[in-house]
Number of protein chains: 2
Amino acid sequence: MEMKSVTRSLRILEAVAQHQPVTVGELTRLFGLPKSTVQRTLVTLNEAGWLRANRKDTTRWEIGARVLAVRPAALQGSSLFAAAREPMIRLRDTLNETIHLSVPDALQCMVVVDRVDCTHAVRTFYAIGDTSPLHATATGRAILAHLPKADVDELVERGLESFSEATPTDPARLRAELDRLRADGYSVNRNQYRPDVCAVAAAILDEGGTPLAAVAVSMPDSRYEAERLPEIGRLVADTAKEIAARRAGA
Amino acid sequence: MEMKSVTRSLRILEAVAQHQPVTVGELTRLFGLPKSTVQRTLVTLNEAGWLRANRKDTTRWEIGARVLAVRPAALQGSSLFAAAREPMIRLRDTLNETIHLSVPDALQCMVVVDRVDCTHAVRTFYAIGDTSPLHATATGRAILAHLPKADVDELVERGLESFSEATPTDPARLRAELDRLRADGYSVNRNQYRPDVCAVAAAILDEGGTPLAAVAVSMPDSRYEAERLPEIGRLVADTAKEIAARRAGA
DNA sequence: TTCACCCGTGCCACAATGTGGAACGCCGTG
DNA sequence: CACGGCGTTCCACATTGTGGCACGGGTGAA
């Protein structure tokens, strides 16, 4: 399948999002495309309502608001999103660490959909929309642990990429870890994906036991204390359960 | 400018967002396009990461997570978004009415970017991503009041569409209303856009006095009490100021 | 002032690209 | 068993996007 113009337009749209407000020239240099091609694409995206000219410098382009109506199903009607908000803030207040809400995207990756920051000067940073691998993160494994075995097999067959020395690349080790976290109710990631980033996560399940999302407490390795793990794990698991209950009640 | 395929692809993407999870057939009926055209578009959008097949029914399509990384500048880094969250919740707790956060989109419309619900059985409903006209809403006028006169002129020249008997379609009346709200610090909309929906809003300004967004308390007409207006107006204006201060401090 | 440079924009002949009717294989139903 | 509807695939055609080029304006150096 081709649709070169569509693919290119979406790439340009993504580039605008990253560099906004951005000019035609900057984009031509970024992509190495003819000016007229980029220009035409921008005008088209603008007419479709996905871009708009910056009000102060009308030769610069920004993302328009049309995009906000286009969201993954898990966030539509914001039942999950809204239900998660207050429990997340409360968890942040209890621990003063950054809290993330992530959803799985087609077993390919986890995507950060919401964040509540801590007040420490040193804090972990993920932007909304950032992605991470399922097998190497606390949120990813929290989801995996509640999926059918066939899905885990599928993931294993695709290969467990290594991101650091701590990444669980051995299928047996991954499966053992999933068994453990099913028992404990929370998953732990210590420097397995990004160096110096640790997290404790728990899955948010729907009525049928399908995992919809995961909440995670995320902190730099310097503040990770193994002896507090059971306490933090319980707090995260309770938060996940509370979110699930609120969502169901809405 | 044309780019028919791009325009159509974006339309289809928006339709998927509204109807997800959706099949090829449903979309062909919706648009009256040939099956092969829709099919090709969906595959292309999927390859670009914007769509994905539903895990349970792989012939149904959903919005993928790629979209989340594409957001208007006002929400990037989520300085505004994150700063607004807690003050909005506090305002909701005080009044127990739904609170909206909206940003202007190129003087064309206001877009709801966040929402905190009240607990009443009867509540106003706007989804995230919904748009509304600037001149006929409390949030829109809160923004307009802090823009240069030329911008208001531009809007007036484009015409003030009527949405209900209460919509201010007379330019003089609109300008008078803007003057009033600049003095009071908050704007009021009583059934001017959607019948039975009232709102009280205030603008969130950046350091230079440019309006970035507006917060609004939104309620059904049945709970609107004119005598409480000064009190509610002050609360909303204070919330807007607090959000602005938090944003600047981040 | 003049010149040179780079910007965003507009044009248009060419052919690469997307189009959509038709056909296929599959499934559940009458 | 035949039918209707589904998602998917194919391919000749011509519509559609392409990109080199040129224009006009703004800016900075000579």
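Chain A is the first sequence line, chain B the second, and so forth, proteins listed ahead of strands; every chain is numbered from 1. No experiment lies behind these values; they were computed from the predicted model shown.
No contact: B/R60 has no heavy atom under 4.0 Å from any strand. Counting any heavy atom pair closer than 4.0 Å across all strands shown, B/T37 reaches a base atom.
The side chain of A/Q39 sits closest to C/dT9 out of C/dT9, C/dG21, D/dT9. When the nucleotides D/dG19, C/dG8, D/dC6 are ranked by their closest atom to the side chain of B/R29, D/dC6 comes out on top. Closest contact between the side chain of B/T23 and the listed nucleotides D/dG17, C/dG18, D/dG7 involves D/dG7. With distances taken from any side-chain atom of A/K4 to the nucleotides D/dG19, C/dT17, C/dG8, the minimum falls on C/dT17. The A/P34 side chain lies nearest to D/dG19 when the options are D/dT8, D/dG19, C/dG8.
With hydrogens and angles left out, the side chain of A/S36 and the base of D/dG20 share a donor-acceptor pair within 3.5 Å. Taking only distance into account, the side chain of B/R40 meets the base of C/dG20 through a donor-acceptor pair shorter than 3.5 Å.
For the pair A/L42 CG and C/dC7 P, the interatomic distance rounds to 15 Å; values are reported in whole Å. Regarding B/N46, its CG atom lies at a distance of 15 Å from the P atom of D/dG7, rounded to whole Å. Note: CG (B/L27) to P (D/dT8) measures 12 Å, nearest angstrom. Atom-to-atom, NZ of A/K35 to C1' of C/dC5 comes out at 11 Å; the value is rounded to the nearest Å. Here D/dC6 presents its C1' atom at 11 Å from CD of B/E26, a figure rounded to the nearest Å. The distance from atom CD1 of A/I12 to atom P of D/dG19 is 11 Å, rounded to the nearest whole Å. When the C1' atom of D/dG17 is taken as reference, atom CE of A/M3 falls 13 Å away, rounded to whole Å. Rounded to a whole Å, the CD atom of B/E47 is 12 Å from the P atom of C/dG18.
A residue-by-residue look at B/T41 and A/W61 shows that A/W61 has its nearest nucleotide of DNA chain C further toward the 5' end.
Listed for the B/Q18 side chain is no donor-acceptor partner under 3.5 Å among the backbone atoms of B/A15.
Using bins of under 30°, 30° to 60° and over 60° for the plane-to-plane angle, the ring pair B/F163/B/Y193 lands in the perpendicular bin.
In the displayed structure, B/R175 atom CZ is contacted under 6.0 Å by more than 12 heavy atoms of other residues, nucleotides or ligands. By the 6.0 Å contact criterion, CZ on B/R123 is enclosed, its count of non-hydrogen atoms from other residues, nucleotides or ligands being greater than 12.
For residues 137-148 of chain B, the set of pairs meeting the side chain to side chain donor-acceptor pair (under 3.5 Å) definition, not counting sequence neighbours, comprises B/R141-B/Q192.
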